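Heads up, the thing below is written out as structure tokens.
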Amino acid sequence: MCGIIGIVGNSDVATALYDGLTVLQHRGQDAAGIATFDGNRLHLSKGNGLVRDVFDSASMGRLRGVMGIGHCRYPTAGSEGAAEAQPFYVNSPFGIALAHNGNLTNAPALKREIFAEDRRHINTESDSEVLLNVFAHELQAQERARLEPAHLFKAVSGVHQRCVGGYAIVSMVLGLGLVGFRDPNGIRPLVIGKRDGIDGVEWALASESVALDILGFRLERDVAPGEAVLITEDGKLHAQQCAAKRLLSPCIFEFVYLARPDSMIEDVSVYKARLRMGEKLAKKILRERPNHDIDVVIPIPDTSRTAAIPLAKALGVEYREGFVKNRYIGRTFIMPGQKERVKSVRRKLNAIELEFRDKVVLLVDDSIVRGTTSKQIVQMAREVGARKVYFASAAPPVRYPNVYGIDMPAVKELVAHGRTEAEVEAFIGADWLIYQDLEDLIAAVQEGNPAIPAFDTSCFSGHYVTGLSGAYLEQLELLRSDEAKAQRRVA
């Protein structure tokens with residue numbers, strides 16, 4: 001899960017790109033980068049760390065130009081180093097900078113094909129560089145001294161024919177404009193914003209609408225699956241469908257956890273979708289335990305708050321804030337190693353004893369991935385005096401890896417993989433564990449936009465909308481395990 005943004009404005013856009021990346025920081029805390037174009041030269045600044053740490057006044061001052069793109073990254077399997085920070089750039093043809101959110105499932109085969117047939121060299125382990133070079137080759141194949149929108153759209157069509165997976169792209173083609181496109185299933189999000197300035201219309205593309213909001217852009221629409229949009233430097237928008245239409249299948253985990261609650265994705269309010277998740281989970285609790293003894297509902301901050309409030313109301317029990325969060329600790333399920341994750345839970349959360357003492361507590365979280373965080377939190381609740389600790393997940397059991405841009409753990413490190421719900425309950429030490437049903441999760445999101453025909457639910461269902469080979473999953477297992485990541489860090 002990375003954050004991407006692109007802007008075509010009427011004045012220098014670097015500061016706006018920086019501000020946009022700060023509100024997309026939740027999508028990636030590992031690295032950040034900005035590239036701008038001043039009509040003559042491309043300017044690029046990137047590095048490892050949070051947005052605020054990567055850029056200083058000197059680097060921002062060098063990022064001149066009315067067109068630019070930005071990226072914030074979290075580390076994906078095999079792509080954790082400084083060399084993989086984005087945007088990437090190639091100088092031929094014309095000069096192309098590109099930022100990518102997602103993952104190509106055929107990247108190894110493409111990398112071999114690019115070297116053998118396209119005569120291009122890939123210098124990192126990032127599939128984003130692979131995608132950039134595929135795009136560059138398809139543009140080169142147009143054999144035009146001057147690119148027109150039609151040539152660009154034909155090149156994107158070529159990308160869709162060769163690339164498999166989930167991806168959302170913002171790119172600058174120097175001398176042409178800002179380009180954005182999504183995979184043909186629309187797995188990863190990308191929205192278009194418009195702003196009427198004194199000197200003319202300005203446009204923005206971003207992973208989430210919240211980035212548009214903070215910059216004063218009006219949300220126009222989502223980029224359609226398989227569609228490409230081109231915004232030229234004079235502020236004109238061109239759009240064309242570049243892939244045969246497939247079943248729109250946005251990633252449902254965006255609504256569960258990844259996206260900010262104040263974002264709109266596919267015309268669905270993330271906030272309202274999470275409210276409905278809480279309501280549906282409450283109905284399941286009442287079905288299974290109509291005479292429950294829950295005294296208080298306590299969310300595990302921050303993502304689960306939105307679901308916990310209507311859940312408590314439907315159960316007729318008190319909602320209380322029982323944990324105080326240290327906001328300077330990153331998301332634990334993407335921490336580099338098991339020991340680091342366990343330590344970070346204690347650094348991140350502190351329990352308010354008065355809300356737990358002698359009470360039957362229902363803890364609510366958005367999901368359970370490895371289970372180590374949940375186990376620690378259950379133990380914390382007991383240590384401050386909870387009489388019983390129940391645990392509710394607003395999402396179904398996470399049993400399978402996500403291959404479309406979320407660097408979830410190796411299968412053997414997913415607590416629900418190969419375990420029954422009762423066994424997960426015992427692992428985390430809860431007196432009772434209840435999960436959301438997948439059908440209810442889908443309904444909670446789909447109610448916001450009934451026109452969405454399907455979702456990518458692969459981490460819950462094991463169904464991959466683009467298809468997937470067993471060999472790919474085996475290789476992913478080797479890359480994503482904590483042991484493999486530790487070996488790469490040592491190397």
Side-chain angles (χ1 to χ4, degrees), residues 1-7 17 20-21 23-24 26-28 33 35 69-74 76 79 86-88 96-105 107 126-132 134-135 152 155-157 159-160 162-173 178-193 203-212 219-231 239-243 246 248-255 258-260 263-268 270 402-407 452 455-456 465-466:
M1 61 178 188
C2 298
I4 58 175
I5 185 170
I7 299 175
L17 290 168
L21 287 178
V23 296
L24 295 174
H26 60 286
R27 300 186 67 88
I69 60 175
H71 185 272
C72 57
R73 184 197 76 184
Y74 85 106
T76 52
S79 299
Q86 298 184 42
F88 284 116
I96 306 168
L98 180 143
H100 166 217
N101 173 32
N103 184 57
L104 301 184
T105 58
S126 173
D127 63 335
S128 303
E129 191 188 7
V130 172
L131 201 154
L132 169 59
V134 170
F135 182 37
L152 180 280
V156 174
S157 295
V159 172
H160 289 318
R162 297 177 66 181
C163 295
V164 180
Y167 49 91
I169 304 297
V170 291
S171 176
M172 286 190 299
V173 179
L178 175 68
V179 180
F181 56 94
R182 294 170 75 190
D183 65 85
N185 292 102
I187 298 170
R188 300 263 67 90
L190 189 64
V191 295
I192 306 172
W203 295 92
L205 302 170
S207 294
E208 294 183 36
S209 63
V210 65
L212 307 180
L219 174 62
E220 291 288 295
R221 62 179 179 87
D222 295 80
V223 175
E227 179 188 30
V229 297
L230 166 65
I231 304 160
Q240 184 172 305
Q241 190 67 29
C242 295
R246 300 180 195 167
L248 170 63
S249 306
C251 175
I252 206 163
F253 211 69
E254 291 278 355
F255 299 91
L258 297 183
R260 276 184 37 155
S263 283
M264 297 287 296
I265 298 176
E266 299 293 348
D267 290 329
V268 177
V270 175
N402 184 290
V403 303
Y404 299 126
I406 307 172
D407 196 33
I452 300 175
F455 294 90
D456 166 50
V465 297
T466 65

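One is the number of the first residue; the rest follow in order along the sequence. Note that the coordinates shown come from a computational prediction; the quantities given were computed from them, not determined experimentally.
The shortest distance between side-chain heavy atoms of R246 and P225 does not fall below 4.5 Å. Under the 4.5 Å side-chain criterion, counting only non-hydrogen atoms from C-beta, L131 is not in contact with F88. Taking 4.5 Å as the limit, some side-chain heavy atom of E208 sits within range of a side-chain heavy atom of L24. Within the 4.5 Å cutoff, the side chain of I69 has heavy atoms near those of the L178 side chain. For the pair D222 and R182, the minimum side-chain heavy-atom distance is below 4.5 Å. With a 4.5 Å cut-off on side-chain heavy atoms, N103 and D407 do not count as touching.
Contact record, A97 with A35: CB-CB, 4.3 Å, taken as the closest heavy-atom pair. Across all their heavy atoms, A211 and G20 have their closest contact at CB-O, 4.1 Å. Across all non-hydrogen atoms, the minimal contact from L190 to A168 is CB-CB, 4.2 Å. Minimum heavy-atom separation, C2 to S207: O-OG, 3.8 Å. Pairing each heavy atom of L219 with each of S209, the nearest pair is CD2-CB, 4.1 Å. Shortest non-hydrogen contact noted between H160 and P184 is ND1-CD, 3.8 Å.
Between the side chain of Q86 and the main chain of H100, a donor-acceptor pair closer than 3.5 Å is present. Panel note: side chain N101, backbone G3; no donor-acceptor pair is recorded below 3.5 Å.
The line from OG of S128 to CG of L104 is 7.5 Å long, rounded to the nearest 0.5 Å. Rounding to the nearest 0.5 Å gives a distance of 12.0 Å between CZ of F181 and CG of L230. Separating the CD1 atom in I187 from the CG atom in L248 is a distance of 10.0 Å, to the nearest 0.5 Å. We find the CG-SG distance between D127 and C163 to be 9.0 Å, quoted to the nearest 0.5 Å. Distance check: E266 CD to S249 OG gives 10.0 Å after rounding to the nearest 0.5 Å. Residue L17 holds its CG atom at 12.0 Å from CD1 of I4, rounded to the nearest 0.5 Å.
E254 pairs by the salt bridge (Lys or Arg N to Asp or Glu O under 4.0 Å) definition with R27, R188, not counting sequence neighbours. Residues meeting the salt bridge (Lys or Arg N to Asp or Glu O under 4.0 Å) test with R162, sequence neighbours left out: E113, D118, E138.
When V229, I5, V191 are each tested for a side chain to side chain contact (heavy atoms under 4.5 Å, CB included) with L205, only one passes: V229.
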List the steps and the verdict of side chain to side chain contact (heavy atoms under 4.5 Å, CB included) for C251 and Y404. CA-CA 9 Å; C251 175; Y404 299 126; over 6 Å; no
May I have the step-by-step check of side chain to side chain contact (heavy atoms under 4.5 Å, CB included) for E220 and W203, ending in yes or no? CA-CA 10 Å; E220 291 288 295; W203 295 92; 4.3 Å; yes
Side chain to side chain contact (heavy atoms under 4.5 Å, CB included) between I96 and V179, intermediate numbers included: CA-CA 10 Å; I96 306 168; V179 180; over 6 Å; no
Side chain to side chain contact (heavy atoms under 4.5 Å, CB included) between T466 and D456, worked out: CA-CA 10 Å; T466 65; D456 166 50; over 6 Å; no
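Using a 30° and 60° split on the angle between ring planes, F255 and F455 fall in the perpendicular class, above 60°.
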